[in-house]
Amino acid sequence: MKYLAWIYVTAFFILCVIPSAGMLFYKAELAENRALSEKPQIYTETGILNTQFFNELQTYVSEHFAFRGELVEADSRIKYELFHTPCDDQVVIGTDGWLFFGETLSDYAGVTLTGAELDRIAEKLQEVCNYVRRQGKEPLFVIVPNKNSIYGEYMPARFGSCAEIRNLTLLQERMDERNIPYVDALRILSDNKDKDELYLHEDTHWNHTGARLVLNEIYAVYGVPETYDLAGYTVEERHEPDLYKILFPAAEHYEAQRIYDDGKDYQYIGRLHSLDDITIRTSSNAGSGKTILVYRDSFARAMIPFMGATFDNAVFNRSTPYDLSLVEQTECDYVLFEIVERNLGDLGLIEAP
């Protein structure tokens, strides 16, 4: 019995040590919709002793310990298969294989911004429009609905139905009152959801069909003679879905994505690391004679290839808050502001020069 006790204690000690000691040779790679902490430094950039070092170290270890992805996945598989519940509150498990982003639940339930906050955002947007027009350029806003704002029928029954009145609808009312130009993506996508699937099942974002559908309306407003075909696509399982990856970080899994080939070429100017780069520039021989500056978030990843081939030159910027100095610095005809519904509050941070 004594030997069994020693074996038990030794095994327990090894299991406790492996996650932290394993960090010396194992690098955890997790897909999360948040930035993980960086390795803490003993001294700050100014050379002062970092008094928060041990707190930061504790956070860093908890997010980067060895085999975290595998352990999270094992826990997630058990909860998902047996109890149909997520291991991470960033994910809401819907019906028929649909996954939703947890941060959209407040928008789904109803209004979260006060009337004063919405008025302030509308005032900011009007100031931005006036500023852009003074530069001789044409502004336009597009607010991309959260996935559950379009496909709420796949949300778990306990959350009820999607609220009809919420931040997005109230802000668009104020934009109408102030004649702020925008594309009503909520209406467009809602009207076409039964004709075609417009969002990815296991990802936060829309698919290429949804993006092209809204782009057609954007071009119509701008007077750009381009219309994207929504039917001529092939399907390839090559998209790594972010919500699925949060649930099962160690799994190799790809979701089917619609691939369109319009037969048009474009080039990236400078080195491209990924479609999440802060600034992306494209050029093409489209011959449209038109150029555009796009302030965008991750939803525009699906738009970049199409817009890159449509405009002679395009600049896509992902800075937050918006760096409006680019409006003056960039030679462009149009300035498009694209933002997802759940981040509407960020529009209140805009400061027009």
Side-chain angles (χ1 to χ4, degrees), residues 28-37 59 62-65 67-110 112 143-163 166-168 186 189 193 197-208 210-211 237-258 274-276 297-302 339-346:
E29 295 183 358
L30 291 181
E32 299 193 34
N33 279 3
R34 64 187 179 97
L36 298 182
S37 61
T59 302
S62 69
E63 293 181 345
H64 296 84
F65 63 81
F67 309 108
R68 179 174 182 241
E70 289 77 2
L71 293 172
V72 169
E73 177 158 357
D75 176 63
S76 185
R77 288 287 180 189
I78 293 171
K79 291 180 178 178
Y80 184 83
E81 298 295 341
L82 296 182
F83 307 108
H84 205 59
T85 58
C87 67
D88 192 312
D89 58 11
Q90 291 187 92
V91 182
V92 175
I93 299 175
T95 60
D96 296 344
W98 286 74
L99 302 177
F100 298 92
F101 191 29
E103 290 186 11
T104 63
L105 291 178
S106 57
D107 290 316
Y108 187 80
T112 61
I143 302 170
V144 182
N146 300 328
K147 184 163 70 172
N148 52 17
S149 293
I150 303 299
Y151 290 104
E153 64 268 30
Y154 297 107
M155 284 283 287
R158 66 181 182 278
F159 292 110
S161 300
C162 184
R166 51 192 190 278
N167 298 332
L168 172 56
L186 176 63
L189 295 170
K193 57 176 286 188
E197 284 194 353
L198 306 176
Y199 282 69
L200 295 160
H201 285 211
E202 301 169 331
D203 196 278
T204 315
H205 304 87
W206 53 9
N207 61 18
H208 289 156
E237 288 192 2
R238 69 183 196 184
H239 179 79
E240 194 169 29
D242 57 3
L243 295 177
Y244 185 94
K245 197 67 176 177
I246 292 173
L247 290 181
F248 309 112
E252 183 176 345
H253 174 78
Y254 298 93
E255 181 174 355
Q257 173 65 287
R258 298 179 174 191
S274 76
L275 291 180
D276 289 322
D297 56 24
S298 61
F299 271 77
R301 287 196 301 248
I339 191 169
V340 68
E341 178 184 356
R342 68 174 183 270
N343 292 332
L344 276 187
D346 291 348

Participant: Can Asp297 and Val144 be said to form a side-chain contact (heavy atoms from CB on, under 4.5 Å), step by step?
Facilitator: CA-CA 10 Å; Asp297 56 24; Val144 182; 5.8 Å; no
Participant: Which heavy-atom pair separates Pro156 from Gly94 by the least distance, and what is that distance?
Facilitator: CD-CA, 4.1 Å
Participant: His201 versus Glu255: any side-chain heavy-atom pair under 4.5 Å?
Facilitator: yes
Participant: What is the minimum heavy-atom distance between Leu243 and Gln90, and which atoms define it?
Facilitator: CD2-O, 4.3 Å
Participant: I need the minimum non-hydrogen distance between Phe101 and Arg342, along with the two atoms involved.
Facilitator: CE2-NE, 3.4 Å
Participant: Start with the C-alpha distance between Glu202 and His239, add both sets of side-chain angles, then the distance that settles side chain to side chain donor-acceptor pair (under 3.5 Å), and finish with yes or no.
Facilitator: CA-CA 10 Å; Glu202 301 169 331; His239 179 79; over 6 Å; no
Participant: Start with the C-alpha distance between Ile143 and Val340, add both sets of side-chain angles, then the distance that settles side-chain contact (heavy atoms from CB on, under 4.5 Å), and finish with yes or no.
Facilitator: CA-CA 5 Å; Ile143 302 170; Val340 68; over 6 Å; no
Participant: Donor-acceptor pair, distance only, cut-off 3.5 Å: does the side chain of Trp206 make one with the backbone of Leu200?
Facilitator: no
Participant: Between His205 and Arg301, what is the shortest heavy-atom contact and its length?
Facilitator: CE1-NH2, 3.2 Å
Participant: If you measure from the Lys or Arg side-chain nitrogens to the Asp or Glu carboxylate oxygens, is any gap between Arg166 and Glu341 under 4.0 Å?
Facilitator: yes
Participant: Please find the pair of heavy atoms, one from Gly110 and one from Ala163, that lie closest to each other, and give the distance.
Facilitator: CA-CB, 3.6 Å
Participant: Working to the nearest 0.5 angstrom, can you tell me the gap between Thr204 OG1 and Ile246 CD1?
Facilitator: 6.5 Å
Participant: Could you pull out the closest heavy-atom pair between Asp203 and Pro241, with the gap in Å?
Facilitator: OD2-CA, 3.3 Å
Participant: Return the orientation label for the Tyr244 and His253 ring planes: parallel under 30°, perpendicular over 60°, tilted otherwise.
Facilitator: parallel
Participant: For the backbone of Asn148 and the side chain of Asn146, can you confirm whether one donor and one acceptor N or O come within less than 3.5 Å of each other?
Facilitator: no
Participant: Are the side chain of Tyr154 and the backbone of Phe100 linked by a donor-acceptor contact shorter than 3.5 Å?
Facilitator: no
Participant: Relative to the ring of Tyr151, is the ring of Trp98 parallel (under 30°), tilted (30 to 60°) or perpendicular (over 60°)?
Facilitator: tilted
Participant: Can Lys245 and Glu252 be counted as an ion pair, charged N to O under 4.0 angstrom?
Facilitator: no
Participant: Evaluate the side-chain contact (heavy atoms from CB on, under 4.5 Å) criterion for residues Asn167 and Asp107: first the C-alpha distance (whole Å), next the side-chain angles of each, then the deciding distance (0.1 Å), finally the verdict.
Facilitator: CA-CA 7 Å; Asn167 298 332; Asp107 290 316; 3.3 Å; yes
Participant: For the backbone of Glu197 and the side chain of Asn207, can you confirm whether one donor and one acceptor N or O come within less than 3.5 Å of each other?
Facilitator: yes
Participant: Say you draw a straight line from CG of Asp242 to OG of Ser298; how long is it, rounded to the nearest 0.5 Å?
Facilitator: 7.5 Å
Participant: Measure from NZ or CZ of Lys147 to the centre of the six-membered ring of Tyr199 and say whether it is under 6.0 Å with the direction within 45° of the ring axis.
Facilitator: no
